[in-house]
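Below: one structure, written as structure tokens.
Each residue takes its place number in the sequence, starting with 1.
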Amino acid sequence: MKGGQAIINSLIDQGADIVFGYPGGQLLPLYDMIYDSDLKHILVRHEQCAAHAADGYARAS
């Protein structure tokens, strides 16, 4: 199992269904795995926006 798959499995085990993020060169293999999983990805404009969006989503749901 690759590290990215371990991250995805742990997110799914914790009940996550949506991830927020901004893809970059080092994360492209992880994003390939997210694409093949059941997780929904929300693309944001920068990393700080992802943190605020995830916080707002967690508080509202």
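Identified under the salt bridge (Lys or Arg N to Asp or Glu O under 4.0 Å) test for residues 36-52, with sequence neighbours left out: none.
L30 and V19 fall within a single hydrophobic cluster, where Ile, Leu, Val, Met, Phe, Trp and Tyr are joined by side-chain heavy atoms under 4.5 Å apart, directly or via other members.
Heavy atoms only, all atoms of each residue included: F20 and A50 are closest at CB-O, 3.9 Å. For the residue pair A16 and L39, the shortest heavy atom distance occurs at O-CD2, 3.4 Å. When all heavy atoms are compared, the tightest approach of I8 to I34 is CD1-N, 3.5 Å. Closest of all the heavy-atom pairs between Y57 and D17 is OH-OD1, 3.6 Å. Taking both residues in full, the closest heavy atoms of L28 and P23 are given as CD2-CB, 4.4 Å, listed atom of the first, atom of the second, then distance.
Separating the CG atom in L11 from the CD1 atom in I18 is a distance of 12.5 Å, to the nearest 0.5 Å. Summarising the geometry, atom CG belonging to N9 is positioned 4.5 Å from atom CE belonging to M1; distances are rounded to the nearest 0.5 Å.
Annotation: side chain to side chain donor-acceptor pair (under 3.5 Å) contacts of Y31 (sequence neighbours excluded): H41. By the side chain to side chain donor-acceptor pair (under 3.5 Å) test, D55 is found to be paired with R59, residues two or more places apart in sequence or in another chain being considered.
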